[in-house]
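Below, chains carry the letters A, B, ... as their sequence lines are ordered, and counting in each starts from 1.
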2 protein chains.
Amino acid sequence: MRQVSGDASVLRRLNSDAILRILRGRELATLTELAAAAGVSRPTAEGIVEDLLADGWVEEYAEDERADRQRGRPARRFRFRASSGHVAGVHIDSSNLQVMVCDLGGEVRAVRRRPLPVDTPVPDRLSAVAELIRLAAADAGLAVAELTAVGVGTTGVVDGEGRVVKSIVLPGWTGLHLHAELSARLPAPVVVENDMRLAVTAEHWRGAARGCDDVVYLFAADRIGMGLLIGGRVHRGAHAASGEIGSQPNDNWSAFRHVMDYSMAVEPGELRGGRQSAEFAVGRARAGDEKARLAVREFGRALAAGLLTVVNPLDPEMVIIGGDLSSAGDLLVEPIQESLDEHCLYPPRAVVSGLGGECIAVGAVRLALDHAERLLFTLPA
Amino acid sequence: MRQVSGDASVLRRLNSDAILRILRGRELATLTELAAAAGVSRPTAEGIVEDLLADGWVEEYAEDERADRQRGRPARRFRFRASSGHVAGVHIDSSNLQVMVCDLGGEVRAVRRRPLPVDTPVPDRLSAVAELIRLAAADAGLAVAELTAVGVGTTGVVDGEGRVVKSIVLPGWTGLHLHAELSARLPAPVVVENDMRLAVTAEHWRGAARGCDDVVYLFAADRIGMGLLIGGRVHRGAHAASGEIGSQPNDNWSAFRHVMDYSMAVEPGELRGGRQSAEFAVGRARAGDEKARLAVREFGRALAAGLLTVVNPLDPEMVIIGGDLSSAGDLLVEPIQESLDEHCLYPPRAVVSGLGGECIAVGAVRLALDHAERLLFTLPA
DNA sequence: CTACTTTGACAAGATCCTTGAATAAAACGG
DNA sequence: CCGTTTTATTCAAGGATCTTGTCAAAGTAG
């Protein structure tokens, strides 16, 4: 219960925050609009905007070529100064690094990517991350120290302090205090989060889940992962292990069986893992192979069987299929939607992620923006 | 985003709310303590308390026989005036009604209960509810119109407007606008909610889940139901159908099979339903029957199998077994805890509900209190 | 009984907001 | 081209609230 109270300066901060929030939410605003929207008088709004202007959070938009000319004296128009700060979103994958630099308006200013072997020693990986952030920042004309926040997404169980409690994919990652390590290497505030949670964050921000507050995100690639958006907030769980469905006892998540069987039957010589088998089957299905279509369909229904155990208790609005296998598109969504329609009282919509491979980096940017906003606004929302 | 802003009176309300909240949270407080806790000056705290005193929200505690005498002048001590308002919590079960009247401090002032046949026509049931509320209020020396809020819990899918979208147990209940019907019969604000959600609310407030913000509540009686507490808030779901696990496709929730088989084997003549079989088996197990113990154990493990599909993605701190079958106690909890320990990365604690049959009425009281607090505090928390 | 400590009460000063009137800048119509 | 209309800006006066500081009151400790 964050309770606000105090002297008159609190009131000022309250009103200032309100106006800044309004400006963040729209393109341009006049003083009259701001005063009305914030519920304060004009002179108050004016004084606040003047302060924000002086502090660099707001800028005046001078150009005057607008079509919707009003009758009277033209109002000064203001907007949030997106370039008043920048953040970086980082995705540390098993074999790749990606850094995305955005301004506070969420506009992308630079993107860097580089491959990194899965067996890279931990110190080298950390250095590579720091270096790639430096390069991406430089692309955007910034020093790392100028970044308001750096959001980092990685696989594994990541606790609230940014420690990697457990990681199956990256060797040496388990037990790493990623937050501390990166903070030591970067002259900027670092925030670390699990990749699944960032994926669903990204979908909520700019993806398929805009406006949806209850979402189950299914990540399907080499492994199956899950991210949950509940009541508009990303769910962490009591031990930050939300979405870790690797150790399920029943067969619900060993869905790859169907496509692997298919792969084995068609090309016995070729040994394919789960993801490769799925991609192989999807390719053949698109080429018109009926058996492949059925295998993918069974794969989808098997995924749905696992999804149902979560969807029925949670009653989400939407199910999003993300990860590499989201490229299967309708081939995967259709059987999943079918299963949901059959077995749910209120079937959620099943859709594929539209964000693609940048999903987690985008979520990391959002994470960093959230952190930046905690600095931007003096009082909690 | 509930954004607060405005003139100086907002500041006053902010501070007033802060002080009232502090007083709700502790037994007695002096002005100095209040001022420090609320972060305002003494004179401000004094003025606010004076206003609250005048409005009847706060009372001065005059008795002066306290042991912990301080050195200086004795401070006046104030406390929240619990009797400044009262609420009722109502539980409409398949065959019973229960009404609990509490003051705003949560102290129980009256309880009424009465059986009501499951096939009672809807208008009669509604009248019986209204009448029992009237009686319980009278027991507490109150008229219904004096109740600040009435919380109502019932089975079925209950949407945000208090409509019973679907009910399997009560005939004619489906499609009923319970909120509207009861509002028409009661001269007090009514809030309606699903019984599972109230059960978990009650556990969070006064039961086993105090201080736990992520809880899976499993209701085991004639039917299996579920209530979810996520991030300290009760989860409703996009269609208010959270916890409706009746239509699960797999066998996870048909756990009664084990105890029913046992019952059939031991007393083939006696036809028992799921709950009866379970109670029968529990009774025999307590009497020392090894086969019964095993049947109950299998029952527990089967429940756990269903639980796991939810527990693994959600990563709760605690699993609570409620409903009539919670009387099985350790016989049920032990196999469930075993299964959780085996199959979870971070196994939650499994416990039985300690609230018993009053659980849902208590949750309804909490629901009503929440509503009352929205009236009590002028600004959202 | 006196010194000390803590609380209570009150006044002065500061901050912030609001209302209302006067002024400024643009569009419209003759 | 000029006055009227419309809307925005600026300024001053007034009110609500909070804070600091001072002094009186009511106890305890010795």
Side-chain angles (χ1 to χ4, degrees), chain A residues 3-20 22 28-55 58 60-79 378-379, chain B residues 3-20 22 28-55 58 60-79 378-379:
Chain A
Q3 183 64 48
V4 174
S5 63
D7 71 351
S9 74
V10 171
L11 191 54
R12 177 61 152 202
R13 273 155 52 199
L14 223 46
N15 287 334
S16 176
D17 279 7
I19 285 190
L20 196 48
I22 294 163
L28 283 168
T30 68
L31 286 178
T32 313
E33 288 165 8
L34 286 174
V40 298
S41 69
R42 263 193 65 87
T44 301
E46 191 177 352
I48 288 171
V49 167
E50 222 147 82
D51 287 354
L52 292 173
L53 219 47
D55 291 345
V58 162
E60 190 167 352
Y61 182 73
E63 330 300 90
D64 210 18
E65 323 100 13
R66 51 174 174 172
D68 60 330
R69 270 285 184 220
Q70 293 295 314
R71 288 261 295 215
R73 171 175 176 173
R76 301 162 69 190
R77 285 164 304 161
F78 302 90
R79 64 177 169 196
T378 54
L379 295 170
Chain B
Q3 182 65 47
V4 175
S5 63
D7 72 352
S9 73
V10 170
L11 190 53
R12 178 61 152 203
R13 273 157 49 199
L14 223 46
N15 288 334
S16 176
D17 280 7
I19 285 191
L20 197 48
I22 293 163
L28 284 167
T30 68
L31 286 179
T32 312
E33 288 166 8
L34 286 174
V40 297
S41 70
R42 262 191 65 87
T44 302
E46 190 177 352
I48 288 171
V49 167
E50 222 147 86
D51 287 356
L52 293 173
L53 219 46
D55 291 344
V58 161
E60 191 167 351
Y61 182 73
E63 330 301 89
D64 210 18
E65 320 99 15
R66 50 177 174 170
D68 60 331
R69 272 282 185 222
Q70 291 297 312
R71 290 263 296 214
R73 173 174 176 174
R76 299 164 70 191
R77 285 163 303 161
F78 302 91
R79 64 177 170 195
T378 55
L379 297 171

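Listed by first then second residue, pairs satisfying salt bridge (Lys or Arg N to Asp or Glu O under 4.0 Å) with a partner in residues 30-49 of chain B read B/Arg26-B/Glu33, not counting sequence neighbours.
The two residues A/Leu52 and A/Ser16 have their closest heavy-atom pair at CD2-OG, 3.8 Å. B/Leu20 approaches B/Val58 most closely through the heavy-atom pair CD1-CG2, 4.1 Å.
Checking the phosphate oxygens (OP1, OP2) of C/dC16, no side-chain nitrogen or oxygen of A/Asn15 falls inside 4.0 Å. The side chain of A/Arg12 places no N or O atom within less than 4.0 Å of a non-bridging phosphate oxygen (OP1 or OP2) of C/dA14. Of the side-chain N and O atoms in B/Thr32, one or more sit less than 4.0 angstrom from OP1 or OP2 of C/dT7.
Within residues 42-51 of chain A, the residues approaching DNA chain D are A/Arg42, A/Pro43, A/Glu46, by heavy-atom distance under 4.0 Å.
For B/Ala8, counting side-chain heavy atoms from C-beta on, the closest listed nucleotide (C/dA26, C/dT18, D/dT17) is D/dT17. Ranking D/dT9, D/dT20, C/dG8 by closeness to the B/Ser41 side chain, first place goes to D/dT20.
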Could you list all N or O pairs between the protein and nucleotides 1-5 of chain C that sit under 3.5 Å apart?
none

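Here A/Arg79 pairs with A/Glu59 under the salt bridge (charged side-chain N to carboxylate O under 4.0 Å, His left out) rule; sequence neighbours left out. Applying the side chain to side chain contact (heavy atoms under 4.5 Å, CB included) criterion to A/Ala45, with sequence neighbours excluded, gives A/Ile19, A/Ala35, A/Val40. Taking A/Glu50 as the reference, nothing meets the salt bridge (charged side-chain N to carboxylate O under 4.0 Å, His left out) condition, with sequence neighbours excluded. Scanning for salt bridge (charged side-chain N to carboxylate O under 4.0 Å, His left out) contacts around B/Asp55 gives an empty result, with sequence neighbours left out. Here B/Thr44 pairs with B/Ser41 under the side chain to side chain donor-acceptor pair (under 3.5 Å) rule; sequence neighbours left out. Applying the side chain to side chain contact (heavy atoms under 4.5 Å, CB included) criterion to A/Glu60, with sequence neighbours excluded, gives A/Arg76, A/Phe78.
Each end of the helix from C/dC1-D/dG30 to C/dG30-D/dC1 gets its own axis, taken as the rotation carrying the C1' atoms of four end pairs onto the next four within a five-pair window, and the two axes meet at 0° to the nearest 10 degrees.
Side-chain contact between A/Ile48 and A/Leu34 is absent, with no heavy atoms from C-beta onward closer than 4.5 Å.
If you take CD1 of B/Ile19 and C1' of D/dT17, they are 13 Å apart, rounded to a whole angstrom. One can place CZ of A/Arg76 at 16 Å from C1' of C/dA26, the figure rounded to the nearest angstrom. Separating the CG atom of A/Leu14 from the P atom of C/dT15 is a distance of 19 Å, rounded to the nearest angstrom. Rounded to a whole Å, the CZ atom of B/Arg13 is 17 Å from the C1' atom of D/dC18. In this entry the distance linking CG of A/Leu31 with P of C/dA25 reads 16 Å, nearest Å. The distance between atom CZ of B/Arg77 and atom C1' of D/dG27, rounded to the nearest whole Å, is 13 Å.
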